[in-house]
> 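Right, I'll just put the structure down here and ask away after.
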Amino acid sequence: MASKHNTETADEQALPYPVRKMDPASLKALAHPLRVQILEMLSRYGAQTACSLGELLGESSGSTSYHLRQLAKHDFVREVEGKGTARERWWERPRGAIEVSSPELAGSPATQEASRLVNREFEHRRQAVLADFMAHGADTLDRGWLEAAIVSTANVRMNEEQLAAYTRAMDAYSYRLLEEVRGEDEQEGARPVQIHFNAFPILGVPASAGSRGQRKAQPAEHNTAKSESISTRQSMSPERKEP
């Protein structure tokens, strides 16, 4: 499995931006929780200074400044041209995806552990954002935002070729829609939004679990199309809550 991290990640042959494959040196440079968090903040909120990143992350500006410089050495971040001063430098994350896990990196215990650390930290940040929304969204957002948001899960049986085709098509379609939004002027009331799309084989259960072959042995009234592909939509309360 190749783990890619970016709000713009998609099949590199289908989309007009690079997917950077990690080498051992750059992966080890990224494998620090605060550096992953810095990348996440730059992805969420755009260009920042060491001071503003420190405020977002509860760290000193000296610490964030040091880690920004280390990230810049390996081209994970870059200075924003024409913005800032020698005392206040602005940093941004270049567009594109980074591939954290790959067969090439799996050959060494050191790079395997570095990949795990980076993936764990990215996933922790994603889970924290989603958990915060689920726990407090209804108390802080108005009805329009709550009705616009969705947390969706779908289950279906696929083989690896079907899964690859599905995820690439969905990723490419999502990218095109996001590029349309990015091409517009920023609208009144805009705020940072994070989009999750997860599609993966379920681990820890037999591959045959829930197979159509098993269901065909059941009575006909239980063998329905809905039982083969089940989707759930989880929405927040429609009641209006003032922020």
> After noting the C-alpha distance and the side-chain angles of Y66 and L34, does the key distance pass the side chain to side chain contact (heavy atoms under 4.5 Å, CB included) rule?
CA-CA 11 Å; Y66 168 78; L34 186 54; over 6 Å; no
> Would you indicate whether the side-chain heavy atoms of I195 and L178 approach each other to under 4.5 Å?
yes
> Measuring from Q127:CD to M134:CE, what's the distance to the nearest 0.5 Å?
13.5 Å
> Between S61 and T64, do the side chains contain an N or O donor and an N or O acceptor separated by less than 3.5 Å?
no
> Donor-acceptor pair, distance only, cut-off 3.5 Å: does the side chain of S63 make one with the backbone of E59?
no
> Mind checking the CD1-NE2 spacing from I150 to H196? Nearest 0.5 Å is all I need.
13.5 Å
> Is a side-chain donor or acceptor of N119 paired with a backbone partner of F122 at a separation under 3.5 angstrom?
no
> Quick one: do E99 and K21 satisfy salt bridge (charged side-chain N to carboxylate O under 4.0 Å, His left out)? Show the steps, please.
CA-CA 5 Å; E99 188 172 270; K21 296 181 181 294; 3.2 Å; yes
> Below 4.5 Å, heavy atoms only, C-beta onward: do K28 and M22 meet side chain to side chain?
no
> Decide yes or no on salt bridge (charged side-chain N to carboxylate O under 4.0 Å, His left out) for R120 and E123, but give the supporting numbers first.
CA-CA 5 Å; R120 281 197 304 266; E123 186 59 28; over 6 Å; no
> Closer than 3.5 angstrom, by distance alone: can the side chain of E81 be matched with the main-chain N or O of E79 as a donor-acceptor pair?
no
> For the residue pair L141 and R191, establish whether any side-chain heavy-atom pair is separated by less than 4.5 Å.
yes
> Quick one: is the NZ or CZ of R69 closer than 6.0 Å to the six-membered ring centre of W91, and within 45° of its axis?
no
> Begin with the C-alpha distance, continue with both residues' side-chain angles, and end with the deciding distance and a verdict on salt bridge (charged side-chain N to carboxylate O under 4.0 Å, His left out) for E180 and R176.
CA-CA 6 Å; E180 292 179 8; R176 290 195 295 271; over 6 Å; no
> Can you measure from OG (S65) to CZ (R89) and round to the nearest 0.5 angstrom?
7.0 Å
> Report yes or no: is the cationic atom of R20 (NZ for Lys, CZ for Arg) closer than 6.0 Å to the six-membered ring centre of F76, at no more than 45° off its axis?
yes
> Is it the case that over 12 heavy atoms from other parts of the model lie below 6.0 angstrom from the CD atom of E184?
yes
> Are L57 and M41 close enough, and set up right, to give a side chain to side chain contact (heavy atoms under 4.5 Å, CB included), and what steps lead you there?
CA-CA 8 Å; L57 296 169; M41 293 301 102; 3.7 Å; yes
> Quick one, I98 with R93, criterion side chain to side chain contact (heavy atoms under 4.5 Å, CB included). Give me CA distance, side-chain angles, the key distance, then yes/no.
CA-CA 11 Å; I98 57 174; R93 179 177 176 181; 3.9 Å; yes
> Look at R95 together with E179 and state whether they make a salt bridge at an N to O cut-off of under 4.0 Å.
yes
> Going by distance alone, is a donor N or O of one side chain under 3.5 Å from an acceptor N or O of the other, for Q48 and E55?
no
> Does the side chain of S174 pick up a donor-acceptor pair with the side chain of D171 at under 3.5 Å?
no
> Roughly how far apart are L42 CG and L53 CG, rounded to 0.5 Å?
5.5 Å
